[in-house]
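Order of the sequence lines fixes the chain letters, A, B, ..., with proteins taken first and strands second; residue numbering starts at 1 for each chain.
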4 protein chains.
Amino acid sequence: MSTESANPRYRNERSHKAILDAALKLCREQGFAKTSVDAIAKEAGVGKQTIYRWWPSKAAVLVEAIDRQSAPSPDFPDTGDVLADLRDQMVIVARYFQAAQSSTYREVIGAAQSDPATAQVVLNTLVRPRVEGCRNRLEQARRQGQIRADVVLDDVIELIYAPLYYRLLLGTRPTTPEQVEVILNLAFDGLRPR
Amino acid sequence: MSTESANPRYRNERSHKAILDAALKLCREQGFAKTSVDAIAKEAGVGKQTIYRWWPSKAAVLVEAIDRQSAPSPDFPDTGDVLADLRDQMVIVARYFQAAQSSTYREVIGAAQSDPATAQVVLNTLVRPRVEGCRNRLEQARRQGQIRADVVLDDVIELIYAPLYYRLLLGTRPTTPEQVEVILNLAFDGLRPR
Amino acid sequence: MSTESANPRYRNERSHKAILDAALKLCREQGFAKTSVDAIAKEAGVGKQTIYRWWPSKAAVLVEAIDRQSAPSPDFPDTGDVLADLRDQMVIVARYFQAAQSSTYREVIGAAQSDPATAQVVLNTLVRPRVEGCRNRLEQARRQGQIRADVVLDDVIELIYAPLYYRLLLGTRPTTPEQVEVILNLAFDGLRPR
Amino acid sequence: MSTESANPRYRNERSHKAILDAALKLCREQGFAKTSVDAIAKEAGVGKQTIYRWWPSKAAVLVEAIDRQSAPSPDFPDTGDVLADLRDQMVIVARYFQAAQSSTYREVIGAAQSDPATAQVVLNTLVRPRVEGCRNRLEQARRQGQIRADVVLDDVIELIYAPLYYRLLLGTRPTTPEQVEVILNLAFDGLRPR
DNA sequence: GCGTAATCGAGACGGTACGTCCCGTCTTAGA
DNA sequence: TCTAAGACGGGACGTACCGTCTCGATTACGC
């Protein structure tokens with residue numbers, strides 16, 4: 001880990017951008033695991049130290065790059081119909097998980113399993129802000145009586161988003177827009193026979 | 001990858017067991033990522049070649065070890081009450097995910113994100129057999145009218161197990177028996193206000 | 001190498017002194033090889049650029065520092081007895097070579113083996129002026145008939161001083177006042193049996 | 001430094017030879033200081049670890065290479081005339097010091113100034129065996145009355161060889177066959193006027 | 001005493017090399 | 001004949017310094 005002082009006053013923005021771009025490009029071409037910090041530095045025309053000065057690990061670089069340039073926006077639609085809004089947003093996520101670029105995201109989450117620092121930054125940078133957006137939207141829906149009043153919203157979020165992550169990370173089946181329909185159907189109407 | 005012929009006729013069972021034990025022990029002590037094949041071989045008192053002869057990677061060793069000695073059994077209880085049986089089994093899973101030993105499982109799933117071969121073996125050895133047990137139990141429940149007739153069972157399985165994996169792999173909150181209650185409540189009764 | 005104009009008019013004497021002191025101090029504490037320019041700059045409370053502005057290399061800094069503050073004076077005693085004067089001066093050198101501080105001198109000569117610029121500055125700053133003093137003294141001695149008339153003085157200087165450097169740089173034996181006696185005895189009387 | 005066990009039983013002689021050759025070649029081409037261990041490994045078609053397994057440093061590799069393939073033999077001629085034998089052997093040394101290949105030797109001695117381990121290996125491998133040969137020859141000469149009976153032989157060796165090293169390492173003048181004549185003349189006949 | 005220009009401390013930068021770790025394969029000697 | 005031990009070629013790691021550069025801030029000179 002770096003022992004640098006890293007005063008952001010002196011940060012070179014050109015290099016910063018070049019590193020994020022190079023990291024994403026190399027991961028797209030050969031995967032996160034086969035992308036070395038050396039290679040990112042070389043591709044970005046940057047010294048390796050410059051990477052270690054500003055990020056604690058390769059994974060941290062990619063979390064930032066994914067957050068800025070790859071992952072779906074944390075903004076949540078609001079048309080008044082929570083079911084429709086959830087469907088729209090989840091379909092975006094499902095399509096992102098299906099797309100080639102999501103494999104970097106997948107690998108970064110993989111790396112987080114062995115490195116608490118990476119897990120933190122994944123959670124805080126990639127997951128939390130997007131959960132936040134969803135929670136706000138659900139809060140309003142609950143106020144408007146579109147969902148049960150007695151639920152804990154984070155439980156709801158997990159219930160409907162977790163199946164997408166499950167497929168992404170366990171690779172059981174691809175995530176599809178149809179899956180989103182199924183999830184929302186089951187989640188809203190329940191499993192109990194009527 | 002090994003190019004050995006690996007005739008199981010010559011397989012030394014003492015070494016086989018020693019390798020699985022050593023692998024689990026070292027992962028418990030220092031994590032999967034910091035456990036090298038060299039170290040497993042040394043700990044098991046075995047040549048490195050012996051490991052590569054029978055498994056394609058460190059992860060594959062641990063998949064087998066976890067399946068045999070660590071993960072919850074694929075057998076599913078059947079008391080006639082599907083909700084109670086699900087709860088019982090899911091609580092076992094939740095407790096396993098909370099326990100220290102699950103971190104090896106977690107890291108192996110992490111490693112699978114960057115290695116399709118590992119992903120395959122995780123899916124086939126660890127996930128599928130346990131999903132199978134659950135699917136059989138749900139099938140009977142559906143026949144008995146305890147859950148809706150129109151659901152696809154794998155979708156149901158994902159709906160209720162995915163939140164446990166979500167917490168395990170994203171680290172949002174610990175998995176607890178209480179979470180199991182919440183999940184089953186939401187999943188069976190639905191989010192829609194009555 | 002610096003491309004600065006480095007007009008000495010603007011030279012900050014406080015910094016100049018601080019750099020020489022810091023360099024010597026760090027070399028004393030941890031050796032020349034482990035002393036980095038960064039460390040000298042930090043120790044001296046000076047920017048790195050300030051060092052590179054006035055010296056072409058770390059070695060050059062230390063040559064100046066040694067010349068000013070560490071090495072024996074280039075002045076040569078003259079009592080009329082050349083043998084006694086040589087002995088006195090050589091004993092000073094021998095003692096200096098034995099002292100801890102000489103290890104910086106030793107390492108600088110070592111660095112000069114790989115860098116012609118350093119070799120030049122060592123020769124011109126540290127060696128030549130001291131050889132000069134010795135040559136003048138020998139010249140007078142020869143005029144007074146205290147040594148053979150047909151010798152080339154630089155050959156004599158090498159003959160008697162080289163053994164001290166030999167021990168210093170090859171580390172065969174420590175340089176001692178006794179060694180000085182032996183050298184002068186052999187050099188003046190010759191090896192041939194009488 | 002290596003923590004390997006380095007059991008010579010398993011040493012690959014082809015690699016051993018390739019490393020020594022590559023090291024000498026690169027030092028000849030670009031100097032010892034600019035020759036990196038990486039470069040030697042690449043040139044030799046060898047992993048870097050294989051170098052660190054058998055030698056503690058780049059300098060140690062070159063000491064062995066120089067001893068085997070570059071430096072004058074430790075064998076000392078014996079024609080019965082010690083002065084002639086010394087002259088012959090010293091001329092070989094003087095010529096070696098003048099030749100381009102000696103610059104590697106020079107730089108290795110330079111590196112030894114900053115690293116006691118290298119100093120040891122230079123002394124034991126390169127210097128001592130050659131001094132030994134000379135001492136034996138001088139011993140015989142003394143027995144035969146060709147040199148004074150009261151001298152310590154190592155002092156004599158230093159007296160006559162040190163000037164060659166002095167010129168080599170301080171770079172005052174090139175070492176030449178003529179210098180050898182001068183040294184022997186001064187050393188045998190002494191500085192005192194007759 | 002004022003404006004300009006060079007120096008100053010600080011430290012980021014593109015690079016090179018370091019010495020270590022581990023990979024997966026190959027070799028050796030001995031049971 | 002198979003195994004443990006471990007050497008091998010190779011690649012990546014994270015660190016230490018190199019010598020240059022870019023910042024504002026300070027300092028010293030000539031007008």
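Within the 4.0 Å cut-off from OP1 or OP2 of dA6(E), not a single side-chain nitrogen or oxygen of Trp54(C) is found. For Ser15(A), no side-chain nitrogen or oxygen approaches OP1 or OP2 of dA12(E) to under 4.0 Å. Distances shown here put a side-chain N or O of Thr50(A) below 4.0 Å from the OP1 or OP2 atom of dG14(E). Proximity of Arg14(B) to the phosphate of dT3(F): no side-chain N or O atom is located under 4.0 Å from OP1 or OP2.
Listed by chain and residue number, nothing satisfies the salt bridge (charged side-chain N to carboxylate O under 4.0 Å, His left out) test with Glu13(C) (two or more places apart in sequence, or in another chain). For Glu107(A), the salt bridge (charged side-chain N to carboxylate O under 4.0 Å, His left out) test picks out no residue, with sequence neighbours left out. With sequence neighbours excluded, the residues that form a side chain to side chain contact (heavy atoms under 4.5 Å, CB included) with Gln120(D) are Asn124(D). Partners of Arg14(C) according to the salt bridge (charged side-chain N to carboxylate O under 4.0 Å, His left out) rule, which considers only residues two or more places apart in sequence or in another chain, do not exist here.
Rounded to a whole Å, the CG atom of Asp115(B) is 13 Å from the P atom of dC23(E). If you take CZ of Arg53(C) and P of dG19(F), they are 16 Å apart, rounded to a whole angstrom. To the nearest angstrom, C1' of dC8(F) lies 19 Å from NZ of Lys17(D). At whole-Å resolution of the value, CD1 in Ile51(D) and P in dG19(E) are 11 Å apart. Distance, Glu43(D) CD to dG10(F) P: 13 Å, rounded to whole Å. Atom-to-atom, CD1 of Ile19(D) to P of dG9(F) comes out at 7 Å; the value is rounded to the nearest Å. Tyr52(C) places its OH atom 7 Å from the P atom of dT20(F), with the value rounded to the nearest Å. For the pair Ile40(C) CD1 and dG19(F) C1', the interatomic distance rounds to 14 Å; values are reported in whole Å.
Of all non-hydrogen atoms in Ala18(D) and Ala44(D), the two that sit nearest each other are O-CB, 3.5 Å. When all heavy atoms are compared, the tightest approach of Val61(D) to Ala23(D) is CG1-CB, 3.8 Å.
Annotation: the span from Lys34(C) atom NZ to Glu29(C) atom CD amounts to 13.5 Å, rounded to 0.5 Å. Going from atom OG of Ser36(A) over to atom NZ of Lys42(A) covers 9.0 Å, rounded to the nearest 0.5 Å. To the nearest 0.5 Å, atom CD of residue Gln101(A) and atom CG of residue Leu24(A) are 8.5 Å apart.
In this structure, Gly45(B) and Arg11(D) both approach DNA chain F, and ranking their closest nucleotides by distance from the 5' end singles out Gly45(B). Both Ala41(C) and Lys48(B) lie close to DNA chain E; mapped to their nearest nucleotides by heavy-atom distance, the more 5′-ward contact belongs to Ala41(C).
Listed nucleotides: dT25(E), dG9(F), dA7(F). Nearest to the side chain of Val46(D): dG9(F). For Lys58(C), the side-chain atoms get nearest to dC18(F) when compared with the rest of dC21(F), dT3(F), dC18(F). With dA16(F), dG10(F), dT25(E) as the candidates, the nucleotide lying closest to the side chain of Gln49(A) is dA16(F). The listed nucleotides are dG9(F), dG24(E), dG6(F); the one nearest the side chain of Lys42(B) is dG6(F).
Shown for residues 24-39 of chain C: residues whose heavy atoms fall under 4.0 angstrom of DNA chain F, namely Ser36(C), Val37(C), Asp38(C).
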Distances under 3.5 Å between protein N/O atoms and the N/O atoms of nucleotides 28-31 of chain E, please, pair by pair.
residue	atom	partner	partner atom	Å
dA29(E)	O4'	Arg9(D)	NH1	3.4
dA29(E)	O3'	Arg9(D)	NH1	3.4

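Between Phe32(A) and Lys58(A) there is a side-chain heavy-atom pair separated by less than 4.5 Å.
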